[in-house]
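Labels below follow one simple rule: chain letters A, B, ... track the order of the sequence lines, proteins then strands, and each chain is numbered from 1.
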Amino acid sequence: MAVKSSVLPGRILLAFVAAYILLPVAATLLYSLATVWRSEMLPEGYTLSHWAKSFIDQRFVSVLLRTLGLAVVVSFVTLALLLPAVWWQRVRNPKIGIALQMLAAVPFALPTLIIGLGLLTLTGDYLPQAQGTVWLLGLGHVALAFPFAYWALDNAMAAANVRALSEAASTCGASPFATLIRVILPNVGPGIAMAGIMAFGTSFNELVLTQLLVGSRYETVQLYALNMLKGADADYNLLAVMTVINFTITLVLSIAMVSLNGRTANASLPKKAKS
Amino acid sequence: MQRALGDAAPVASRRIAGRNPFVRWLSDWGPALPIIVISATLLILPCLIMVRRSFAGPEGTGFTLDNWQSVLASASAWRAIGNTVMLAATVATVATLVGGPLCWMLTRMTRGWRTLHMGLLTVANNFSGIGLAFGFMAALGTYGMITLGLRSMGFDFTPPVPSGFVGLVIAYSYGFVPMYVLLTLPAMGLVRQDWWEACQCCGASRPEFWRYVGLPMLLPYLGAGWILTFTSAIGQYALPLALSNSSMPAYPLITLDMSRNMLGSLFGSQRMPVMAVILMIFAIVSLLAYRQLLKRGAKWL
Amino acid sequence: MSTPIHLGAITKSFNGKPALSGIDLDIAQGEMIALLGASGCGKTTLLRIIAGLEQPSSGQIHFGTRDVTDLSVQARRIGMVFQGYALFPNMTVRQNIGFPLKIAGESASAITARVNELLEMTGLGPRGDHHPNQLSGGQQQRTALARALAPRPDVLLLDEPLSALDAQVRDHLRDEIARIQKTVGTTTVLVTHDQAEAMAIADRVVIMHEGRVEQASRPEALYEMPASGYTASFIGTRNRFDVSPQGGELRIGGFFRQAAANSAAHQVWVRAEALRIVPAGQGLAVTVEAKLFQGPITRLYLTCHADGLSQTLKLDAPSEGLRGVEPGQSLHVTFDQESADVFAA
């Protein structure tokens with residue numbers, strides 16, 4: 001019959017991988033709730049005091065808000081820059097796709113560290129006033145996030161048959177701008193959401209550019225965690241709380257991605273019929 | 001199709017564009033220019049300046065091979081390069097050996113189970129950097145949950161040093177096995193159910209099916225996944241930085257070496273650009289090999 | 001070598017839904033039978049059960065005296081051609097054909113000899129070192145057939161072997177398959193939804209409907225004497241009259257037949273080519289709705305509003321005889337007593 005692998009070694013491997021993924025998360029969660037945890041498999045007692053403490057800690061709260069704010073701005077800027085580009089690529093000039101794909105390969109293949117150190121050198125030589133600014137960091141995040149957002153958008157536009165939609169809109173007398181806003185955007189909704197989430201996640205979890213370009217002047221979640229981990233006065237329980245928050249946000253983004261992935265595939269059919 | 005497009009879209013643009021080639025070019029590329037300019041400036045220029053700097057004198061000008069000579073003569077540079085390659089190759093191999101079978105199992109699961117496992121893998125793939133490092137310490141550190149658990153059960157268990165080879169492999173695998181699975185999963189769809197049925201009709205057992213049909217078809221894609229994992233692991237910085245607890249890491253890597261050089265002595269450090277270019281060479285060679293493997297994989301299709 | 005096949009009371013259900021309900025069928029040694037039916041009738045399931053790719057819920061399968069019900073696919077000694085051919089893309093034509101022999105552990109020289117023989121038989125000679133993606137659909141089909149025949153199987157199974165091919169190639173290959181099957185003499189089961197293919201190629205056609213065997217007969221018998229309304233509707237182009245008996249008799253135009261005693265509704269099936277045009281005053285009055293020229297044969301679509309009937313009829317006749325007929329024209333048609341098949345509903 002079917003090539004099944006519900007055999008024992010398969011189950012063991014699956015269980016092992018699941019444990020491997022879940023154990024560090026579970027340990028971190030327990031750490032954020034533990035009173036003392038020095039000798040046994042599980043903490044000696046549980047408390048919510050670390051959580052309470054973290055939300056009145058000025059540094060903790062501003063780190064969280066700062067990171068969220070930056071990630072939101074980065075994802076909106078990425079979308080605003082990419083949407084017209086991908087749409088124009090689909091309806092007018094396919095060469096845009098070639099250029100974007102080549103650029104998209106760079107952050108995918110090259111370590112961010114090279115880009116970060118290169119930017120540092122570059123601004124040091126030619127644009128010293130940009131050094132250490134949030135603007136530079138934001139643009140850097142946009143550049144890092146753009147490949148993932150680009151792939152999501154490009155797939156969505158291909159699936160929604162954007163070219164035919166645009167042709168239909170222009171025969172109805174719609175201007176290119178009106179076409180983009182009124183016809184294209186509503187039809188590639190899940191793809192846009194996906195791209196936005198990708199950009200958000202990239203910015204939220206980014207450390208290298210933040211550390212190199214702005215350092216502690218603009219402490220984000222990842223940088224805070226690094227400083228905590230390295231610092232002499234580290235509060236590991238507070239760090240655990242931040243890590244759990246970080247993980248939860250990642251989890252929510254991942255769930256959104258998986259479900260959007262299912263939606264885009266299904267949603268494209270009726271859309272095609274409508275056009 | 002082509003005619004319809006030609007009739008519909010450029011009606012407006014013909015009026016605007018006229019015959020001026022510059023205006024025409026602008027109307028072809030205009031909406032894409034901002035993102036192209038920004039990403040090219042922030043992604044390509046930094047690489048170019050690294051290449052330039054690797055041949056420049058201490059002042060950032062002139063042309064010299066001294067930087068390369070001194071790096072290639074440096075035992076510590078070679079150790080960092082060797083370590084990095086060794087670590088990345090090990091992680092990529094672990095990812096292939098665990099991720100390959102995992103991929104196959106995922107394609108054979110019922111929908112519900114697959115969604116659950118895909119969700120887990122996506123989370124693990126995205127949960128990176130410092131958070132992961134802390135989770136690793138919380139589970140396998142000196143006072144980690146697993147360490148304490150094993151000790152309280154009476155085992156004399158010493159956890160691996162987080163910044164050592166074994167520790168790094170374990171921590172890297174957390175993100176890279178899921179990444180490998182997500183990258184390779186689409187290729188599993190190539191193995192058609194009726195090949196296995198045809199094999200059975202030819203008298204072949206399951207191992208024979210994998211030996212003669214399944215693996216030969218998948219090998220290029222498994223190899224491509226290995227290459228991508230390898231490339232990505234070579235450039236890792238945040239995770240080893242978080243795991244190494246002192247300025248002298250137990251297991252020096254190219255990326256750690258670079259940042260130490262850069263941050264330690266910002267100017268006059270000529271080693272960092274050379275290491276950066278070495279990393280770039282790795283990336284470019286891997287990318288070429290990756291494309292070659294994909295071409296090889298598509299050959300029979 | 002070639003063996004008869006005996007299927008005894010085969011049933012199969014998927015998740016509680018019956019796919020096959022009690023299939024009994026004997027296939028003679030060297031016979032070629034076609035399982036024919038609409039999609040979902042269970043023909044493919046039955047073929048896969050014979051192959052061993054599916055397990056029956058109950059029933060027995062014998063190849064000759066061998067009970068193969070519980071044997072694995074590998075142990076049954078079958079050859080199978082899959083609908084999409086399932087050629088191994090990483091192997092050349094030669095390697096594909098030789099694969100079952102290689103698995104059986106035959107010597108390299110024996111494999112080469114047998115492969116050459118099959119390349120010759122299927123006319124694939126010059127393509128031996130090509131990979132499947134370099135072959136046309138017809139060549140892939142031949143390769144699949146050669147691979148299935150290579151180990152000299154007891155039973156050859158063909159799952160819609162021609163459905164993926166162009167019309168011209170299909171007709172040619174259909175005759176090729178028939179020729180090769182007669183040459184090697186292997187008992188063969190073919191699954192198809194194409195009645196022309198089944199009729200042309202098979203010694204016996206098995207009509208399947210909703211998991212049952214509706215009729216198993218020689219092609220001519222099937223055509224001339226359908227055993228049920230379903231077979232009649234499925235084979236050839238037929239007109240169906242739903243008639244209620246009046247005074248124990250069925251009457252349509254000039255046609256007359258005694259009704260089955262205990263049934264109120266009857267189906268009368270008449271093949272399109274059995275309708276004849278007759279002079280006014282006889283038969284059924286009809287109006288020509290449309291005329292379709294199909295080469296030697298022309299088809300008329302006729303509307304009939306007489307004798308309590310209100311329906312469209314199809315009439316096939318040699319094109320010459322219909323030259324003067326135009327749409328809108330009124331005609332009279334009838335059919336012979338013996339050309340009608342009557343079933344009590």
Side-chain angles (χ1 to χ4, degrees), chain B residues 96 100-101 103-104 107-114 184-227 289-301, chain C residues 15 44 47-48 50-54 71-92 95-106 111 130-135 140 143-160 164:
Chain B
T96 308
C103 256
W104 178 249
T107 62
R108 302 289 129 177
M109 277 180 190
T110 58
R111 214 185 151 74
W113 276 106
R114 185 163 61 224
T184 317
L185 197 62
M188 293 291 153
L190 292 175
V191 178
R192 284 165 42 189
Q193 177 72 27
D194 63 1
W195 291 345
W196 164 230
E197 292 179 352
C199 265
Q200 286 175 280
C201 294
C202 292
S205 63
R206 196 191 304 272
E208 282 168 328
F209 163 70
W210 280 112
R211 176 173 165 206
Y212 292 114
V213 182
L215 272 183
M217 289 304 295
L218 282 182
L219 221 47
Y221 297 95
L222 296 176
W226 189 95
I227 294 266
Y290 171 74
R291 292 184 51 173
Q292 211 53 41
L293 276 170
L294 286 195
K295 225 191 269 172
R296 179 70 188 69
K299 192 174 163 192
W300 311 131
L301 300 176
Chain C
N15 305 320
T44 300
L47 188 80
R48 290 171 63 83
I50 299 174
L53 293 167
E54 303 275 0
L71 286 186
S72 69
V73 184
Q74 288 91 338
R76 289 192 185 195
R77 297 207 296 268
I78 55 157
M80 181 153 172
V81 173
F82 289 79
Q83 187 168 7
Y85 314 137
L87 295 175
F88 308 129
N90 56 320
M91 301 182 197
T92 62
Q95 287 165 337
N96 263 287
I97 299 174
F99 184 66
L101 308 171
K102 182 175 173 175
I103 293 296
E106 293 195 25
I111 295 176
H130 288 54
H131 281 268
N133 65 346
Q134 300 167 299
L135 301 178
Q140 292 183 28
T143 310
L145 182 63
R147 182 178 68 186
L149 290 171
R152 303 180 203 277
D154 291 355
V155 170
L156 178 64
L157 305 171
L158 310 170
D159 183 8
E160 300 266 13

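In this view, B:Arg192 and B:Asp194 satisfy the side chain to side chain donor-acceptor pair (under 3.5 Å) rule, not counting sequence neighbours.
The shortest distance between side-chain heavy atoms of B:Gln200 and C:Ser72 does not fall below 4.5 Å. When side chains are defined from C-beta on, B:Glu197 counts as touching C:Arg48, because their heavy atoms get closer than 4.5 Å. Taking the side chain as every heavy atom from C-beta outward, B:Pro216 and C:Phe88 never approach each other to under 4.5 Å.
Considering all non-hydrogen atoms of both residues, B:Lys299 and C:Asn133 come closest at O-ND2, 2.7 Å. The two residues B:Val213 and C:Met91 come nearest to each other via the heavy atoms CG2-CE, 3.8 Å. Contact detail for B:Ser205 and C:Gln74: the closest heavy-atom pair is CA-NE2, 3.9 Å. In plain terms, the two heavy atoms of B:Ala198 and C:Arg147 that are nearest each other are CB-NH2, 3.5 Å.
For C:Leu101, no part lies near chain B; criterion is any non-hydrogen pair under 4.5 Å.
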Using the rule given for ring pair (Phe, Tyr, Trp, His ring centres under 6.0 Å), can you reason through B:Tyr212 versus C:Phe99, listing the C-alpha separation, both sets of side-chain angles and the distance that settles it, and then say yes or no?
CA-CA 9 Å; B:Tyr212 292 114; C:Phe99 184 66; 5.7 Å; yes
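The CG atom of C:Asn96 sits 8.0 Å away from atom SG of B:Cys202, with the distance rounded to the nearest 0.5 Å. Atoms CD1 and CZ, from C:Ile103 and B:Phe209 in turn, are 11.5 Å apart once rounded to the nearest 0.5 Å.
Between chain B and the options C:Ala51, C:Gly84, C:Pro100, the largest number of non-hydrogen pairs under 4.5 Å is found for C:Pro100.
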